[in-house]
Amino acid sequence: DAGVIQSPRHEVTEMGQEVTLRCKPISGHNSLFWYRQTMMRGLELLIYFNNNVPIDDSGMPEDRFSAKMPNASFSTLKIQPSEPRDSAVYFCASSSTGTIHFFGPGTRLTVL
Amino acid sequence: TQLLEQSPQFLSIQEGENLTVYCNSSSVFSSLQWYRQEPGEGPVLLVTVVTGGEVKKLKRLTFQFGDARKDSSLHITAAQPGDTGLYLCAETSGSRLTFGEGTQLTVNP
């Protein structure tokens, strides 16, 4: 069975550009999570959805970040405009139980 | 949100050695998970511990949950190069996970 799928795996962009990260959760999972991992701050929860509805976005750093889940099989995390401090690995995870998270391989974002 | 402290931050050992890494908090954990993350991949769940004093074994890995549920340890016996990775503990609160900063383990052949 396919795990969580993320695209792109790597993204290099210039400051000020819009970045869109994509995630396809495991089929049948009703919870989806977006995380960011950096050396300085470790792995942080940005936002999570339950049944496509955003439940907790308290980890979203600022208004430049937005996330959507238009259906059960797709979610996006958008950064507009991007800044160098947004450089990180962004992970998507999904869950059917809420407490057991299955992580995707991540998107490594570099903002120049 | 409680602060999770993991130690040591880095650990480099030779194949065949034993090791223990720790996860501590100033507050009581509702439940605790351990994950391993390999380079270029996402974290993978190893175990969940819920009950104070609980011990779980996964092949050469032994997980302990402190009696007061404020600390946990992961012991690896006869480490192998395939054990190399970032070991993360995470406290669960409903659907939220709060991660420690991890222990980066390198097992040299």
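If you're wondering where the values come from, they're calculated on a predicted model, not measured in any experiment. Convention: sequence-line order gives letters A, B, ...; per-chain numbering from 1.
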More than 12 heavy atoms from other groups under 6.0 Å of CG on A/Asp63:
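Check fails, neighbour count at 12 or below.
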For residues [X] and [Y]: do they belong to one hydrophobic cluster (side chain heavy atoms under 4.5 Å, members Ile, Leu, Val, Met, Phe, Trp, Tyr)?
X	Y	value
B/Val44	B/Phe63	no
A/Leu32	A/Ile100	no
B/Val21	B/Phe65	yes
A/Leu46	B/Phe99	no
A/Phe74	A/Val4	no

Which donor-acceptor pairs fall under 3.5 Å between chain A and chain B:
residue, atom, partner, partner atom, Å
A/Arg9, NH2, B/Gly40, O, 3.1
A/Gln37, OE1, B/Gln37, NE2, 2.9
A/Gln37, NE2, B/Gln37, OE1, 2.9
A/Asp56, OD2, B/Arg96, NH1, 2.4
A/Thr99, O, B/Gln33, NE2, 2.7
A/His101, NE2, B/Ser95, O, 3.4

Given heavy-atom pairs under 4.5 angstrom as the criterion, report whether the side chain, backbone, both or neither of [X] touches chain B.
X	result
A/Leu45	side chain
A/Ile55	neither
A/Phe102	neither

Segment of B/Leu97 engaging chain A (4.5 angstrom heavy-atom cut-off)
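For B/Leu97, heavy atoms of backbone and side chain both lie under 4.5 Å from chain A.
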Using a heavy-atom distance cut-off of less than 4.5 Å, which residues of residues 12-20 of chain A contact chain B?
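Against chain B, none of the residues of residues 12-20 of chain A fall inside the cut-off of heavy atoms under 4.5 Å.
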Select, from B/Pro43, B/Gly94, B/Gly42, the one with the greatest count of heavy-atom pairs under 4.5 Å involving chain A.
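Greatest number of close heavy-atom pairs with chain A: B/Pro43.
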